[in-house]
2 protein chains.
Amino acid sequence: MMDMTIRTARNTRRSDALSRERIVEATVEVLDATGEAGLTVRALTAHLSTGRGAIYHHVANKEELLAAATDDIVGRVTAGTGDDDPERAIRALALGIFDAIDAHPWVGTQLSREPWQPAVFRIWKSVGSQLQRLGVPGPARADAGSALVNYVLGAAAQYAAGARRATSDADRKAYLETLAAQWAQHDPDPIVQDAASQLREHDDREQFRAGVDIFLTGITARR
Amino acid sequence: MMDMTIRTARNTRRSDALSRERIVEATVEVLDATGEAGLTVRALTAHLSTGRGAIYHHVANKEELLAAATDDIVGRVTAGTGDDDPERAIRALALGIFDAIDAHPWVGTQLSREPWQPAVFRIWKSVGSQLQRLGVPGPARADAGSALVNYVLGAAAQYAAGARRATSDADRKAYLETLAAQWAQHDPDPIVQDAASQLREHDDREQFRAGVDIFLTGITARR
DNA sequence: ACACAGTTGGACCGGCGGTCCAATCTTGGA
DNA sequence: TCCAAGATTGGACCGCCGGTCCAACTGTGT
């Protein structure tokens with residue numbers, strides 16, 4: 001009641017019109033700069049120098065925004081896998097996703113949150129077609145594809161969650177160090193002691209690559 | 001300024017005292033009944049018939065609450081794997097987690113959100129010790145363990161996200177049907193057509209089991 | 001020249017997690 | 001036995017969130 005707001009004459013139309021593209025682009029920028037928790041509609045609209053209501057003419061809600069941003073990143077990865085050898089192509093795809101998540105940790109979280117978003121569909125399709133070229137027959141192909149995709153997405157989420165905790169490499173190393181010490185102190189089981197010492201010196205990317213190899217071996221060994 | 005609240009004389013102490021245990025128990029109940037989105041501090045304290053501030057004397061925040069609830073469920077699973085044959089034990093562990101997530105979808109989401117929570121540590125430890133009994137040597141064991149854990153957690157998150165969308169079996173089937181139709185319509189690629197038709201008749205649990213088998217084959221084939 | 005369809009942005013809403021502290025209970029020492 | 005000191009409780013309050021709504025303001029077609 002009684003809105004005394006003085007309507008200033010500053011409601012001028014923007015020269016650079018808002019569009020879904022520009023919004024998604026800005027979303028990626030905000031996510032990269034401030035992380036998943038930093039993406040709020042307020043922050044986004046501030047970054048775009050606009051009001052909150054405006055973006056809802058272009059996207060339905062925040063979930064769609066995240067899905068679109070994720071698809072943007074993943075699309076670039078899946079587009080770039082043109083290897084002739086299907087096994088090499090699968091490795092390249094997996095590592096491409098890993099690297100994308102290294103660069104944009106929020107993608108890892110988002111990918112495993114919603115199984116049937118466009119970005120995940122892209123991954124399924126890529127993996128499926130390479131498995132077909134690899135000669136995996138129909139029914140087994142679904143199982144093999146599901147195994148690979150689940151592995152990749154699982155690793156993605158885990159790695160992304162870690163990267164969220166500790167941004168820089170140095171932070172990350174220190175964090176793992178503390179964690180290993182906690183484990184080792186908390187549980188005297190030799191298995192744990194062993195794992196803790198390996199945690200200190202392990203390389204995420206190499207370990208991820210090794211996992212892909214294990215699945216590929218498992219798939220080809222049963223062909 | 002000027003708090004005119006009338007302090008009624010109803011601040012009587014509860015006969016059944018609040019405790020961390022009771023709070024975690026109630027958290028699981030609320031999560032099971034209303035899902036992850038339904039777990040709010042307000043809903044939880046209403047369920048416990050207490051005020052919001054009270055629970056913060058027992059848990060630090062909502063994140064700790066979720067971790068504790070998840071650990072509660074996962075603890076029951078990892079405690080129950082006493083098979084002599086390590087390969088069978090791994091299968092039992094994996095399927096146990098799958099079934100736990102089928103019963104409590106929120107566990108799947110939570111597990112892949114935070115890699116170093118107690119529940120995930122339990123899984124790592126179980127997998128690690130079974131792999132050791134399986135005779136996988138040290139360095140390879142870390143790779144194998146990471147691959148298996150990531151696969152299980154990835155599948156868990158995917159399945160949980162699906163279960164979140166469609167609760168009942170009938171809903172789920174209908175949802176997959178719609179989805180398959182969308183895919184098939186949207187993308188004429190034969191790979192997609194094929195995948196869509198398989199999506200209609202696939203069994204999540206069987207597919208998950210097949211993934212574990214692929215992994216085990218991959219491990220033993222390289223030993 | 002001008003009406004109208006489409007766009008913009010700020011006020012507003014209900015609800016969230018978390019903090020604070022007066023009121024109240026429990027407990028152990030005199 | 002009593003009572004001061006400490007632990008526990010719960011509701012008011014805070015700042016912030018995503019999303020809705022609509023008055024004000026264009027660029028465009030006629």
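The structure presented is a predicted model; accordingly, all values stated were derived computationally and were not measured. Throughout, protein chains are lettered first and strands after them, A, B, ... in sequence-line order, and every chain is numbered starting at 1.
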Counterpart residues, side chain to side chain contact (heavy atoms under 4.5 Å, CB included), relative to Leu66(A) (two or more places apart): Leu31(A), Leu39(A), Gln110(A)

Selection residues 64-79 of chain A - residue pairs positive for side chain to side chain donor-acceptor pair (under 3.5 Å), sequence neighbours left out: Arg20(A)-Glu64(A), Asp71(A)-Arg122(A), Asp72(A)-Arg76(A)

For DNA chain D, the residues among residues 52-72 of chain B that have a non-hydrogen atom under 4.0 Å from it: Arg52(B), Gly53(B), Ala54(B), His57(B), His58(B)

Ring-ring centroid check Tyr159(B) Phe98(B), cutoff 6.0 Å: yes

Contacts of Gln198(B) that satisfy side chain to side chain contact (heavy atoms under 4.5 Å, CB included) - sequence neighbours left out: Ala142(A), Asp194(B)

Contacts of type ring pair (Phe, Tyr, Trp, His ring centres under 6.0 Å), residue Phe121(A), not counting sequence neighbours: Trp183(B)

Interatomic distance, Arg42(B) CZ vs dC17(D) P [rounded to whole Å]: 16 Å

Touch class at under 4.0 angstrom, heavy-atom based, for Leu44(A) against every strand present: nothing

Length of the line joining Leu48(B):CG and dG11(D):P, which is rounded to integer Å: 13 Å

Close residues, residues 27-37 of chain A, relative to DNA chain C [heavy-atom separation under 4.0 Å]: none

Contacts of Glu63(A) that satisfy salt bridge (charged side-chain N to carboxylate O under 4.0 Å, His left out) - sequence neighbours left out: Arg165(B)

Side chain to side chain contact (heavy atoms under 4.5 Å, CB included) against Ala157(A), all qualifying residues, sequence neighbours excluded: Ser112(A), Ser112(B)

Of all pairs that satisfy ring-ring contact (aromatic ring centres under 6.0 Å, His included), the ones with a partner from residues 31-82 of chain A, not counting sequence neighbours: none

